[in-house]
Amino acid sequence: TYLEFSSSGQELVVNYGAEHVYYYDKFSLFSSKPRPSMMETLAVIKNCDKLGAESASTNGHRCPPPLSAATLPLSSAVETLKLAANAEFQGGRYTQALNLYNTAILREAHPILYGNRAVSFMKRNYSGDVYDAMRDCVKALMLNPGHIKALLRLTKCLFELELYTEAELCLNMFKDKYPDHVKSKDYRQLEKDLKRVSEEKTKQQEVEKNKKETSSGEQPMPPSEHTREEFLRTEAAEDNGQQDRGDESTNQSTESANQSTDSVTDAVESMDIDYESSPVDGKHRRISKQEREWRKLARDFTSRFVGACNISTDIKEASFFGSNCQFITAGSDDGKILIWDRETTNLVKMLVGDGYTVNCVQGHPNLAMLASSGIDPIVRLWHPLPEDGREEPRNVKNINSVITTNQVTMKQDRFEYFI
């Protein structure tokens, strides 16, 4: 619904409808190296613990040297943060645990911290959390290829993201590297789940084959929704899906009484888009060759900011704030203004900015001042209070409760929300 470059032009913040706020740094935006697929990433991880690992690299991924950060203990300050985060995790306060892990990782990029943060994302399970957990597992494994838990958690993340081909490869890698752990509960459950998916896929292919034999043809289908996991899906996985369908020639469409169908077909042909059907777990996904080429060049985000709800209006902003763009701000459907720390992604301030919805939040270019507006016929200006002990009455105290409510709201059916 909105995007904005930083004052330097090297960073970008984006607010997605029914989604979160995302930040792209200069490496995400301007790197000339292609984004590695998950298959390529797994290949690097698989070879990292072999002799000469320091020379192994793929698409910018390089294995750590033998004496990597994985062998070093955490500093006392970061160890204290980790223990506090572990306590929050044990208490089921996953957002609080994530805030502490975020702060710790900013100080020391250690595989233990990435592994712990990954499982915190998986337990919290907000929209997009599994994807972030997958990224953390990859980071942990790149720092420490012998991180057993990270490899198994990565398999689970890939399964949850419906990247079944990659999940099966990852599970086989785990089996080869750690045969003594194949009897663990988590491994056996993943093995069972992948077998079930394979069986369901086979049954679905039989159903499609029978339908094909009794039907004169299929109607054109629109392109699939663009999701995070789709951009990670490898061509090998897509090609496998195409081969599973068989080498069936496309029949020329005959005249139809339904003129609207003919017009749709003519429109598709006039655009010269050659859609290729890729069955994925029983679902038809049509992706043109051009779209597949574009996705190879897609840039993954640097970090994600969670807490706002963005489904009721299509004009909700997100912007940089601070002399060095050190904060990210956005409005929310519940009338709140949210301010995140850009480096840790932690939510540092929440204010009541409107009786209904806050759409616009912009920072002053030179002063410590924010302007906000929403449904109320009021534009509010915000600036720091004098340090005389007074408290801002619009300051929200139960931040974590509001975050949880907003995430539940975004998962609801939109029509139910409006009602």
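- Looking only at side-chain heavy atoms (C-beta outward), Ile337 and Met350 stay at 4.5 Å or farther from each other.
- No donor-acceptor contact under 3.5 angstrom links the side chains of Asn406 and Thr409, judged on distance only.
- Gln189 and Asp193 share a side-chain donor-acceptor pair at under 3.5 Å.
- Side-chain atoms of Asp334 and Ser332 include a donor-acceptor pair closer than 3.5 Å.
- Between the side chain of His110 and the backbone N or O of Leu72 there is at least one donor-acceptor pair closer than 3.5 Å.
- Summarising the geometry of Ile339 relative to Leu347, their closest heavy-atom pair is O-CD1, 3.3 Å, with the distance given to 0.1 Å.
- Between Asp300 and Tyr131 there is a side-chain heavy-atom pair separated by less than 4.5 Å.
- To the nearest 0.5 Å, atom CZ of residue Phe30 and atom CD of residue Glu11 are 9.5 Å apart.
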Would Asn172 and Glu168 count as a side-chain contact (heavy atoms from CB on, under 4.5 Å) here? Give the steps. CA-CA 6 Å; Asn172 290 334; Glu168 186 173 3; 3.9 Å; yes

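- Side-chain atoms of Val352 and Lys336, non-hydrogen and from C-beta on, do get closer than 4.5 Å to each other.
- Between Leu100 atom CG and Glu88 atom CD the span is 6.0 Å, to the nearest 0.5 Å.
- Scanning for side chain to side chain contact (heavy atoms under 4.5 Å, CB included) contacts around Tyr356 gives Asp354, Ile375, Asp376, with sequence neighbours left out.
- A side-chain N or O of Thr329 and one of Ser319 form a donor-acceptor pair less than 3.5 Å apart.
- Separation of atoms NZ (Lys46) and CE (Met39) is listed at 11.0 Å; rounding is to 0.5 Å.
- Side-chain N/O atoms of Thr302 and Asp25 include a donor and acceptor closer than 3.5 Å.
- Here Lys123 does not pair with Asp129 in a salt bridge; the nearest charged N to carboxylate O distance is not below 4.0 Å.
- Here the shortest heavy-atom pairing between Gly353 and Arg380 reads O-NH1, 2.8 Å.
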Which atom pairs, donor and acceptor, lie under 3.5 Å between side-chain atoms of residues 151-160 and protein residues at least two apart or in another chain?
residue	atom	partner	partner atom	Å
Arg153	NH1	Gly115	O	3.0
Thr155	OG1	Leu151	O	3.0

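- The shortest heavy-atom contact between Thr313 and Thr1 is O-CG2, 4.4 Å.
- Arg117 CZ to Ile105 CD1: the interatomic distance, rounded to the nearest 0.5 Å, is 3.5 Å.
- No side-chain heavy atom of Trp340 sits less than 4.5 Å from a side-chain heavy atom of Val348.
- Side chains of Gln10 and Leu29 form no contact here, defined as non-hydrogen atoms less than 4.5 Å apart.
- Taking 4.5 Å as the limit, every side-chain heavy atom of Met410 sits out of range of all side-chain heavy atoms of Glu19.
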Are Phe121 and Asp136 close enough, and set up right, to give a side-chain contact (heavy atoms from CB on, under 4.5 Å), and what steps lead you there? CA-CA 9 Å; Phe121 276 126; Asp136 274 355; 3.6 Å; yes

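- Surrounding CZ of Arg394 are more than 12 heavy atoms belonging to other residues, nucleotides or ligands, all under 6.0 Å away.
- No donor-acceptor pair closer than 3.5 Å links the side chain of Ser31 to the backbone N or O of Ser28.
- In this structure, Val130 and Leu161 have side chains that are in contact, with non-hydrogen atoms separated by less than 4.5 Å.
- Considering OG1 of Thr345 and NE2 of His20, their distance stands at 11.5 Å, rounded to 0.5 Å.
- By the 4.0 Å N-to-carboxylate-O rule, Arg295 lies close enough to Glu291 to be salt-bridged with it.
- Shortest non-hydrogen contact noted between Phe320 and Cys325 is CD2-CB, 3.6 Å.
- Remark: the backbone N or O of Pro111 is not paired with any side-chain donor or acceptor of Asn144 at under 3.5 angstrom.
- The existence of a salt bridge linking Glu293 and Lys289 is excluded, since no basic side-chain nitrogen approaches an acidic carboxylate oxygen closer than 4.0 Å.
- Every residue meeting the ring-ring contact (aromatic ring centres under 6.0 Å, His included) condition with Phe89, not counting sequence neighbours, appears here in chain and number order: Tyr94.
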Run Leu106 and Asn102 through side-chain contact (heavy atoms from CB on, under 4.5 Å) and show every step you take. CA-CA 6 Å; Leu106 184 62; Asn102 293 340; over 6 Å; no

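- A donor atom on one side chain and an acceptor atom on the other are found under 3.5 Å apart for Lys316 and Asn310.
- Residues satisfying the ring-ring contact (aromatic ring centres under 6.0 Å, His included) criterion with Tyr187, sequence neighbours excluded, are Phe174.
- Residues passing the ring-ring contact (aromatic ring centres under 6.0 Å, His included) test with Tyr16, sequence neighbours excluded: Tyr22.
- Taking NZ of Lys175 as the reference point, atom CG of Leu171 lies at 8.5 Å (rounded to 0.5 Å).
- Partner of Val13 under the side-chain contact (heavy atoms from CB on, under 4.5 Å) criterion, chosen from Glu317, Glu4, Arg342: Glu4.
- Between Ser127 and Arg304, the shortest heavy-atom contact is O-NH1, 2.8 Å.
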Could you walk me through whether Glu191 and Lys195 pass the salt bridge (charged side-chain N to carboxylate O under 4.0 Å, His left out) check? CA-CA 6 Å; Glu191 190 176 45; Lys195 182 179 180 181; over 6 Å; no

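- Side-chain atoms of Lys201 and Ser198 include no donor-acceptor pair closer than 3.5 Å.
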Run Thr103 and Asn99 through side-chain contact (heavy atoms from CB on, under 4.5 Å) and show every step you take. CA-CA 6 Å; Thr103 303; Asn99 289 341; 5.7 Å; no

Report, one line per pair, each donor and acceptor closer than 3.5 Å where one atom sits in a side chain of residues 74-83; sequence neighbours left out.
residue	atom	partner	partner atom	Å
Ser75	OG	Val78	N	3.4
Ser75	OG	Glu108	OE2	2.5
Glu79	OE2	Lys82	NZ	3.4
Thr80	OG1	Ser76	O	2.9

Check the pair Tyr126 / Thr404 against side-chain hydrogen bond (donor to acceptor under 3.5 Å, both in side chains), numbers first and verdict last. CA-CA 9 Å; Tyr126 288 168; Thr404 301; 3.0 Å; yes

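- Judged by distance alone, the side chain of Ser372 and the main-chain N or O of Val361 form no donor-acceptor pair under 3.5 Å.
- Contact annotation: the side chain of Tyr164 never approaches that of Leu169 to less than 4.5 Å [non-hydrogen atoms, C-beta and beyond].
- Nearest approach of Phe321 to Met369, heavy atoms of both residues: CE1-O, 3.5 Å.
- Defined by atom type and a distance below 3.5 Å, a donor-acceptor pair is missing between the side-chain atoms of Asn359 and Ser373.
- In the model, Asp341 has no side-chain atom that pairs as donor or acceptor with a side-chain atom of Asn346 under 3.5 Å.
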